[in-house]
Amino acid sequence: RDLKSDGRYLIIFADNNAISTTARVVGEYRCRIYFWDMNKVLDDVIWEMTDPYIIGAQFLNGKVYVFGYNGIYVCNSVTAPKMIFDFRGNTTIAGRPTNPYQITVGSQDIYWANGSANGTQVYGLRDSATDIFYSPYTEAIGNTFTALSKAGSMLIGSTSTLTISIFNAGTS
């Protein structure tokens with residue numbers, strides 16, 4: 001589903017759900033996170049978690065944040081995945097991304113777009129001693145973001161209708 005590097009390991013995110021994003025189903029599937037030191041023939045660490053599927057991941061401040069269907073997990077090469085946020089039944093931050101392009105990282109924050117059909121909201125997670133979840137931006141025109149990217153102090157969102165929104169320091 002996604003690949004990342006933390007400078008030492010190539011981190012591979014995989015699951016045994018259907019290949020297509022539109023064909024994935026909710027159920028009991030196996031998700032694995034491989035930490036592979038590229039100087040070796042075999043992977044060093046394999047973590048397994050139960051979630052219908054992995055959407056994507058980001059690396060921030062020595063932690064790997066994994067976005068699954070059920071929630072957001074955090075892990076690293078010595079700590080197994082632990083859910084820190086549950087998407088199910090949450091009314092404040094109800095939107096999950098649908099692909100890894102809807103997840104991006106800033107200096108201290110991870111941002112993701114609500115991937116639902118009317119997903120105009122951008123959500124954030126501040127990496128701190130106690131993770132802080134918040135909703136910093138809304139796309140005013142009403143288009144769903146298909147990709148997010150961070151460039152300097154700006155967050156850039158694009159939509160399938162070729163609309164680009166640029167957000168910075170509380171404005172849009």
Side-chain angles (χ1 to χ4, degrees), residues 1-106 109-127 131 133 135 144-150 155 157-160:
R1 298 298 178 190
D2 208 352
L3 292 170
K4 297 291 176 206
S5 175
D6 69 358
R8 177 177 178 191
Y9 293 103
L10 174 64
I11 309 167
I12 303 164
F13 304 90
D15 62 53
N16 65 346
N17 206 316
I19 295 171
S20 165
T21 18
T22 56
R24 292 187 216 166
V25 294
V26 176
E28 292 293 322
Y29 291 91
R30 290 174 35 183
C31 299
R32 287 190 174 166
I33 303 164
Y34 300 85
F35 287 83
W36 193 336
D37 185 335
M38 294 303 289
N39 293 323
K40 297 181 180 176
V41 176
L42 298 173
D43 49 52
D44 285 326
V45 177
I46 302 174
W47 294 122
E48 193 161 311
M49 57 189 231
T50 302
D51 200 277
Y53 53 85
I54 292 175
I55 298 166
Q58 284 293 343
F59 182 77
L60 179 64
N61 297 333
K63 301 176 198 170
V64 178
Y65 290 89
V66 182
F67 285 72
Y69 175 83
N70 289 339
I72 302 171
Y73 303 80
V74 67
C75 68
N76 60 31
S77 62
V78 295
T79 307
K82 174 187 172 190
M83 186 184 284
I84 60 167
F85 185 82
D86 196 334
F87 286 122
R88 300 164 295 177
N90 191 311
T91 56
T92 306
I93 298 178
R96 68 177 63 84
T98 56
N99 67 65
Y101 307 111
Q102 293 173 316
I103 308 166
T104 191
V105 67
D109 299 278
I110 293 177
Y111 300 98
W112 70 94
N114 179 354
S116 70
N118 58 354
T120 60
Q121 190 66 44
V122 174
Y123 299 109
L125 178 150
R126 168 72 43 97
D127 178 49
D131 294 319
F133 297 89
S135 301
T144 301
F145 289 118
T146 54
L148 287 177
S149 183
K150 187 83 167 101
L155 183 68
S158 65
T159 70
S160 60

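As a basis for the values below, the full set of heavy atoms in this structure was taken, side chains included, without hydrogen atoms, waters or symmetry mates.
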**Report entry** salt bridge (charged side-chain N to carboxylate O under 4.0 Å, His left out) partners of residues 67-81, not counting sequence neighbours, each pair once
**Finding:** none
Query raised in the report: Would Y123 and F133 satisfy side-chain contact (heavy atoms from CB on, under 4.5 Å), going step by step from the backbone distance to the final call?
Result: CA-CA 7 Å; Y123 299 109; F133 297 89; over 6 Å; no
Query raised in the report: Going from OG on S158 to OH on Y101, what distance comes out if it is rounded to the nearest 0.5 angstrom?
Result: 12.0 Å
Report task. Measure the spacing between CH2 of W47 and CG of N76 and express it to the nearest 0.5 Å. Result -> 8.5 Å
Requested in this report: Output all residues satisfying side chain to side chain donor-acceptor pair (under 3.5 Å) with D15, sequence neighbours left out; order by chain, then residue number.
Outcome: R1
**Report entry** side-chain contact (heavy atoms from CB on, under 4.5 Å) assessment of D131 paired with F85
**Finding:** CA-CA 9 Å; D131 294 319; F85 185 82; over 6 Å; no
Query raised in the report: According to the salt bridge (charged side-chain N to carboxylate O under 4.0 Å, His left out) rule, which pairs have a member within residues 95-104, sequence neighbours left out?
Result: none
Report task. Write out all pairs satisfying salt bridge (charged side-chain N to carboxylate O under 4.0 Å, His left out) with one or both partners inside residues 61-81, taking only residues at least two apart or from two chains. Result -> K63-D127
Query - I103 side, atom CD1; L125 side, atom CG - distance, nearest 0.5 Å - result: 11.5 Å
Query raised in the report: Roughly how far, to the nearest 0.5 Å, is the CH2 atom of W112 from the OH atom of Y65?
Result: 10.5 Å
Report task. Go through the structure and list residues passing side chain to side chain contact (heavy atoms under 4.5 Å, CB included) with D51, not counting sequence neighbours. Result -> C31, M49, Y69, N70, Y73
**Report entry** Partner set under ring pair (Phe, Tyr, Trp, His ring centres under 6.0 Å) for Y111, not counting sequence neighbours
**Finding:** none
Report summary line: Between the CZ atom in F67 and the CD1 atom in I55, the distance rounded to the nearest 0.5 Å is 8.5 Å
Query - Under the side chain to side chain contact (heavy atoms under 4.5 Å, CB included) test, residues paired with R32 that sit two or more places apart - result: R30, Y34, I46, E48
Report summary line: Sorted by chain and number, sequence neighbours left out, side chain to side chain contact (heavy atoms under 4.5 Å, CB included) with F13 holds for D2, K4, I11, I33, I54, A57, V64, V66
Report task. Kindly write out the residues that satisfy side chain to side chain contact (heavy atoms under 4.5 Å, CB included) with S149, not counting sequence neighbours, or none if the list is empty. Result -> none
Query raised in the report: Do you know the tightest heavy-atom contact between P100 and G56?
Result: CB-CA, 4.1 Å
Query raised in the report: Listed by chain and number, what are the side chain to side chain donor-acceptor pair (under 3.5 Å) partners of S135, not counting sequence neighbours?
Result: none
**Report entry** Reference residue D109; test side chain to side chain donor-acceptor pair (under 3.5 Å); the match among K150, R126, Q58
**Finding:** R126
Query - Main-chain N/O of F145 paired to Q102 side chain as donor or acceptor, under 3.5 Å - result: yes
**Report entry** Reported CD1-to-CG distance for the pair I110 and N61, which is rounded to 0.5 angstrom
**Finding:** 9.0 Å
Report summary line: So salt bridge (charged side-chain N to carboxylate O under 4.0 Å, His left out) across residues 67-78, not counting sequence neighbours, yields none
Requested in this report: Go through the structure and list residues passing salt bridge (Lys or Arg N to Asp or Glu O under 4.0 Å) with D86, not counting sequence neighbours.
Outcome: R88
